[in-house]
> 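Please see the structure below; I have some questions.
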Amino acid sequence: MNDMQRPRSFSVGPDRMPYHRRAVFSKDVSGLAERHVDRLPDTVSNIRNRRRRIDDESLRLIDDLTNRSLDPMFSDATLVHDQRGPLQVWMSRLLVFFICLAVGLAGTVIVRELHTDPRSKIREKLISQVEAETREYNSTNDKIAKLRSQMDSLSAQVGGDADDPTADRDNLLNGFTKVEGEGISISLANPIAATDSAGSNDSDNDNIRVITDVDLQQFVSKLWAAGAEAISINGYRVGVQTSVRTAGTTILVGLNSIQSPYMITAIGDTNALQTDMSSSEQKDFYGTLNKAGIHPQVSKEHMITMSSTAGTPDLSYAKRSE
C-alpha cells in the first residue's frame, strides 16, 4: 500500500481509549456531575489496574501524558465559571490597594530607619549637654569674678591685705583677676594640605599634619619659661588648673572648644618673650613644625587685655605654710 492509500488515522480499541479523572475536592465539583464521563467498562478498568502495577517509570510517564495531559483541577475550573458581582470586584481591588499601601509605608519607614545613623542622636545629645555645662561653667566663673572684686573692694575699705604683693601675684598667675599689659602674640593655623595628605601617597606630604593639643601645650610651657605673667589661647585664659587637651577632633582649653587658626597671647616683657620665642632660639621646635606645614608668626603687642576665665582651683591637700 503506497502513501496515498494509507489512512490518516487508525482506530483505537476500547481498551486504549483515554479516560479522564475529576478532582472530587474541587469547589465546583457539585456542578460537574452531569459533565463526568460514563463509567469505564470492566475490561478498561482491568487494563488500568494492570498498568498501575507496572514499575517502569518511562511507561508511567507515557501513560500520564496520554491519559492525563491536562491537570484535573485546571480542567474543572474551566468548566464552571465563578460569577462575581461589581461589589466583590471593587472590594477585592480596595483590599489589594490598602495592602500595597501598608507594605509601601512599612518599607519606607524601615528604609529611613536603616539610613538614619543612631550615633547622630547620641552625638547631638552629648553636644547639648556639653553646651549646657559650658554655659553653667562660664556663669559660675562670672559670679566668682564678681565676688572676688567685691572682696577686694571690701578688704581695701577695712584696710586688709588687698595691697599684699604676694596675693596680687598669686591672683594674677592663677587667673583670678582681669589683667592687661604689653606682650606678644603667636598665630598659627592648620596647613591647607593637611586634609588632602590623608589619601595621598606623595612623599612630600607624609609629614603634613594639623595642630594638636601637644603643640599648644609646648607653646604654653615655653612662654611660662620665658617669663610670661598671663597667657590666653583664642581669648580663653590659661590658669594654674586649666588643661589644654583633645576631645575627639576638638581641642579644649578648660571646657571651651577652640578651632584653627589659633592665637596665643602672653603678657610680659615684650623683648624677652619675642627673643625667647623666635625661630633662632627655638630651631628644633620650629623646624619640626615647619616640616609639618605649620609656620608660627610671632609679633609684638602694645596692649593685651585678658579676662579672669581660669576659674578657682579646688585645693584639697595644699595649705598655706605659716
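In what follows, every heavy atom counts, from backbone to side chain, and hydrogens, waters and symmetry copies are set aside.
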> Going by the rule side chain to side chain contact (heavy atoms under 4.5 Å, CB included), which residues pair with M91 if we only count those two or more places apart in sequence or in a different chain?
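With sequence neighbours excluded, M91 shows a side chain to side chain contact (heavy atoms under 4.5 Å, CB included) to L87, given in chain and number order.
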
> Does the S128 side chain pair with the main chain of K125, one donor and one acceptor, at a distance under 3.5 Å?
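Yes: the side chain of S128 pairs with the backbone of K125.
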
> Indicate yes or no: at least one non-hydrogen side-chain atom of E182 is less than 4.5 angstrom from one of M303.
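No, side chains not in contact.
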
> For S299 and S185, which I'm curious about, is there any donor-acceptor pair between the side chains at under 3.5 Å?
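Indeed, the side chains of S299 and S185 share at least one donor-acceptor pair under 3.5 Å.
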
> For I304 and A266, which heavy atoms make the closest approach, and how far apart are they?
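Heavy atoms of I304 and A266 come nearest at CD1-O, 3.7 Å.
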
> Quick check: do I184 and E301 have side-chain heavy atoms less than 4.5 Å from each other?
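Not in contact.
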
> Does the side chain of D284 come within less than 4.5 Å of T288's, by heavy atoms?
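Answer no - side chains too far apart.
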
> On a heavy-atom basis, which atom in V210 and which in P191 lie closest, and how many Å separate them?
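Shortest heavy-atom contact: CA-CD, 4.4 Å.
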
> Of all the heavy-atom pairs spanning M277 and Y286, show the shortest one and how long it is.
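Closest heavy-atom pair between M277 and Y286: O-OH, 2.6 Å.
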
> Look up atom CD1 in I294 and atom OG in S260, then write down how far apart they are to the nearest 0.5 Å.
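Here the interatomic distance stands at 9.0 Å.
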
> I need the minimum non-hydrogen distance between P296 and I186, along with the two atoms involved.
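Smallest interatomic distance, heavy atoms only, reads CB-CG2, 4.1 Å.
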
> Verify whether one side chain among Q297 and S187 offers a donor that lies under 3.5 Å from an acceptor in the other.
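The answer is no; no qualifying pair exists.
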
> Check whether L252 and V244 end up in the same hydrophobic cluster, where Ile, Leu, Val, Met, Phe, Trp and Tyr are linked by side-chain heavy atoms less than 4.5 Å apart.
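Cluster IDs for L252 and V244 differ.
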
> Quick check against the 3.5 Å criterion: does T108 have a side-chain atom that pairs as donor or acceptor with the backbone of G104?
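Indeed, once roles are kept as given, a pair shorter than 3.5 Å links the two residues.
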
> When rounded to the nearest 0.5 angstrom, what distance separates NZ in K222 from CD in E281?
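That separation rounds to 10.5 Å.
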
> State the CD-CG distance between Q218 and L223, to the nearest 0.5 angstrom.
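Going from the CD atom of Q218 to the CG atom of L223 covers 12.0 Å.
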
> Nearest 0.5 Å, please: how far is CD1 in I251 from CD1 in I258?
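So the gap between those two atoms works out to 5.5 Å.
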
> Using a 6.0 Å cut-off, check whether atom CD of Q259 has over 12 heavy atoms from anything other than its own residue.
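No, the 6.0 Å shell around CD holds no more than 12 heavy atoms from other groups.
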
> Using the rule that two of Ile, Leu, Val, Met, Phe, Trp, Tyr join whenever any of their side-chain heavy atoms come within less than 4.5 Å, decide whether V253 and V130 are in one cluster.
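No; tracing contacts between hydrophobic side chains, which count when under 4.5 Å, never links both residues.
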
> Find out whether E229 and V179 are in side-chain contact, i.e. whether some heavy atom of one side chain is under 4.5 Å from a heavy atom of the other.
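With C-beta onward as the side chain, the pair stays apart.
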
> Can you confirm whether the side chains of T250 and S257 place a donor and an acceptor under 3.5 Å from each other?
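No donor-acceptor contact under 3.5 Å links the two side chains.
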
> Kindly give the heavy-atom pair with the smallest separation between R237 and S307, and that separation in Å.
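For R237 versus S307, the nearest heavy atoms are NH1-O, 3.2 Å.
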
> Kindly write out the residues that satisfy side chain to side chain contact (heavy atoms under 4.5 Å, CB included) with S92, not counting sequence neighbours, or none if the list is empty.
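Expected list: R84.
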
> Measure across Q282 and D276 and return the closest heavy-atom pair with its distance rounded to 0.1 Å.
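Distance-wise, the nearest heavy atoms are NE2-O, 3.0 Å.
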
> Quick check: do T270 and H302 have side-chain heavy atoms less than 4.5 Å from each other?
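The answer is no; the side chains never approach within 4.5 Å.
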
> Can you find a heavy atom in the side chain of V298 that is under 4.5 Å from one in the side chain of L273?
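Of all side-chain heavy-atom pairs linking L273 with V298, none is under 4.5 Å.
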
> Following the transitive rule for hydrophobic clusters with a side-chain heavy-atom cut-off under 4.5 Å over Ile, Leu, Val, Met, Phe, Trp and Tyr, establish whether F219 and W224 coincide in one cluster.
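Yes, F219 and W224 fall within the same hydrophobic cluster.
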
> Please report the interatomic distance CG(L188) to CD1(I211), rounded to the nearest 0.5 Å.
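So the CG of L188 and the CD1 of I211 are separated by 3.5 Å.
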
> Is there a side-chain contact (heavy atoms from CB on, under 4.5 Å) between K300 and N271? Walk through the geometry before answering.
CA-CA 8 Å; K300 293 182 179 180; N271 296 325; 3.1 Å; yes

> Going from CD1 on I264 to CD1 on I233, what distance comes out if it is rounded to the nearest 0.5 angstrom?
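Going from CD1 on I264 over to CD1 on I233, the span is 5.0 Å.
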
